[in-house]
There are 4 protein chains.
Amino acid sequence: MSEPNRGGRPRSSRSTDAVLSATRDLLAEVGYERMTIDAIAAKSGVGKMTIYRWWSSKSAIVADAVIEGVITIAPFSFPDTGDLRADLHAWLMPAVGLATPPEVAALALAMTAATTGDVRTGEALYERFTGRDRQALIDRLQKEVDSGRLGSDVDLSVAVDMLFGVLLYRLVTRAEPSEQYARDLTDLVVGGLET
Amino acid sequence: MSEPNRGGRPRSSRSTDAVLSATRDLLAEVGYERMTIDAIAAKSGVGKMTIYRWWSSKSAIVADAVIEGVITIAPFSFPDTGDLRADLHAWLMPAVGLATPPEVAALALAMTAATTGDVRTGEALYERFTGRDRQALIDRLQKEVDSGRLGSDVDLSVAVDMLFGVLLYRLVTRAEPSEQYARDLTDLVVGGLET
Amino acid sequence: MSEPNRGGRPRSSRSTDAVLSATRDLLAEVGYERMTIDAIAAKSGVGKMTIYRWWSSKSAIVADAVIEGVITIAPFSFPDTGDLRADLHAWLMPAVGLATPPEVAALALAMTAATTGDVRTGEALYERFTGRDRQALIDRLQKEVDSGRLGSDVDLSVAVDMLFGVLLYRLVTRAEPSEQYARDLTDLVVGGLET
Amino acid sequence: MSEPNRGGRPRSSRSTDAVLSATRDLLAEVGYERMTIDAIAAKSGVGKMTIYRWWSSKSAIVADAVIEGVITIAPFSFPDTGDLRADLHAWLMPAVGLATPPEVAALALAMTAATTGDVRTGEALYERFTGRDRQALIDRLQKEVDSGRLGSDVDLSVAVDMLFGVLLYRLVTRAEPSEQYARDLTDLVVGGLET
DNA sequence: TCGTAAGCGAGACGGTACGTCCGGTCTTTTC
DNA sequence: GAAAAGACCGGACGTACCGTCTCGCTTACGA
């Protein structure tokens, strides 16, 4: 039971796609701050009015691009070798141990910037951007709890928040990646959970 | 052995103060994004040229205001009752357990926004904004290590990063404050360190 | 013996009427410059495409409205009492002697504006708008020539041009109406023709 | 006793000149309707804000250009050979007898268009644009009256209105120039005045 | 003591991008 | 197959700030 849609030209999916693609490209090229709506319109070949008809702000476009999957981060696939410490370390390496790919870093900063100015898009955006990895991580930890290798005292989402939090913190402070850091972080978190 | 300074009117401290105060007020009123240099000039009664003579960007002004102490956060004084768990919980409460004062939240978001666009001011700014508390926290933890109540395996700064990181993460995601959260966080961190 | 018209919905006279009426109303409300095709479509309830199907431009709609009699100027009925001077004075009075009705003035200015930008519609428009009065005036003057009360030397259309010209000139310069002016004008024209 | 001018960079006469010159050129190139403020800004190298700071509308710029003498019409110098009929005929020839220079025609139409949309600029504009010739013509006619060759009954300005009026009328209706027309017009006006 | 040189407020300047509006076209469903 | 509805691209609109540039006016050394 969809909309009655009484007359009128339907929304062009071509325009939507073109806008989101152009946004993805421009984000990579010039970054969030220097990306302008005029440039998105020019690059996508979509009229500015059409953009403003469907999105309320620059951050809303970015959020939509993330939600629609036009902007994707390489999936931090979370391994499951049975050894939590090794798995966590492997998962952390790209983010804090080795150089994060610049486009991922730029995107994360872009979203952080978008978030600071607008509560609503921020929520949706973080949810979508980190949701999948959050859940994968929580599932992995829960499995350890179920098998008795971890205590069941603490809310696992708190542990996950700490991991994502430290990633974000090091991102905005532009901390240098370090393998030792990944190891220390792993020890700390697993140590806290094992209690 | 100061500058030769042959003649000329010296820099007016009145102008500096007026600019930093106006910046502090405007940050609270409209937030970082919507605060303009024109507005700072108008509110402070200082000419735009004078502002640009002494500061290179909006984020530089904010950074200076923090550094000069014109913008202050209520000092998260770190207690020392001898009970680390109790102390940590007490310290975390204002940030994640109870409502963070809006002006502090707005300021932290402002600095985060400033950081995303400009690497250098970001570093100085975070250093100054969190440096004192970071050091106090590290000192407190080191004391526990020295007295043998905590293991000496992990770099304490990693633990501190996690704490500041989760604070930042919950700030940008606008997470609701919760006393239970403060307790879980305390358990997790102390648990990890005690190992 | 009408059009073949195989199938299809016939042109709606309701639409035509609605467009022309809306044009008339909008001209009076906001003037020619600020009247938009969008507004005509909205007010008339007619689709923009339908408007563009039948009219090529804003001035074409106005011209059609004049031609179809939807927009009418109070007929400057040219009297014929046998006394040319009195008749001419009576005819001029509304235009330069007394206040011209604002809607007539606005319409004449609208057409002048339309004319300045588009040669073709301008010609048709002026022809239609002033044609009837021009001819009535020429006929009246010719009658005087035929009866010998006026000389036959000059082209009467020149005299008529002068009359319409001065009307237009005073319209665009927003000259104040004046009874004396009507009298002077009459004297001048009749004087010139009597020679 | 000029303005005190307390502080601030003074208005740049260079900008004013550049805007008015660009306006003059664009009027000749594309006409009043198709001339945009953006184009004036681009061609003159003056910021749009600066234009809007000093002029309220497109017609205001045109009016100013005329008033400042940046836009000039070749002076219809009014001859004085002692023979009014010959002089009048000579004066009329360029306007209605021979082809009016296109740039003058375009300019006059531009001003007419400007006038139809804005009362105030219209008044100032016509006054400046036609004022000099009006006065020269009136002076010439007055001389004839003084020497008794013309009657003193009618207001001379009415006669002048008729001449300018018929010029405007033929301009907006795009009437073809014609030498015969100039002759008929001369006869008519002089005939009316001689009475 | 007084010239002089830099700092200062004010605010105009050339730009860039904004978000809105309208012109003219295109594409649906409805009649 | 025309009409309504309304989304579409393009482009001008008038505004807001940016960072720079004069101005005329303080200051407070140092000659």
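Because only heavy atoms are used, hydrogens play no part in the values below, and waters and symmetry mates are left out as well, while side chains stay in. Each chain gets a letter, A, B and so on, in the order its sequence line appears, and its residues count up from 1.
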Rounded to the Å, how far apart are [X] [atom1] and [N] [atom2]?
X	N	atom1	atom2	result
C/Leu26	E/dC22	CG	P	12 Å
D/Asp38	F/dT15	CG	P	13 Å
B/Met49	E/dC8	CE	P	11 Å
A/Tyr52	E/dC22	OH	C1'	17 Å
D/Arg11	E/dA10	CZ	P	22 Å
A/Arg34	E/dG15	CZ	P	21 Å
D/Ile51	E/dA12	CD1	C1'	14 Å
C/Ile37	E/dG24	CD1	C1'	9 Å

Any side-chain N or O of [X] below 4.0 angstrom from OP1/OP2 of [N]?
X	N	value
D/Ser12	F/dT22	no
C/Thr50	F/dA4	yes
B/Ser15	E/dG7	no

- Query: Is a donor-acceptor pair below 3.5 Å formed from side chain B/Arg9 to base E/dC8, judging by atom type as modelled?
  - Reply: no
- Query: Considering heavy-atom distances to DNA chain E, does B/Trp54 or D/Ala41 have its closest nucleotide positioned more toward the 5' end?
  - Reply: B/Trp54
- Whichever of D/Arg14 and A/Lys48 has its nearest DNA chain E nucleotide further upstream toward 5': D/Arg14
- Query: Looking at D/Lys48 and D/Asp38, does any basic side-chain N land under 4.0 Å from a carboxylate oxygen?
  - Reply: yes
- In terms of side-chain geometry, is the basic nitrogen of D/Lys43 or D/Glu29 positioned less than 4.0 Å from the acidic oxygen of its partner? yes
- With a 4.5 Å limit on heavy-atom distance, are the side chains of A/Trp54 and A/Thr16 in contact? no
- Item | Non-hydrogen side-chain atoms of B/Val70 and B/Asp17 separated by less than 4.5 Å | no
- Do we get A/Arg11 above A/Trp55's six-membered ring, with its NZ or CZ under 6.0 Å from the centre and within 45° of the axis? yes
- Whichever of D/Lys58 and A/Ser44 has its nearest DNA chain F nucleotide further upstream toward 5': A/Ser44
- Message: Please compare A/Gly45 and B/Thr36 by the position of their nearest nucleotide in DNA chain F and report the one closer to 5'.
- Response: A/Gly45
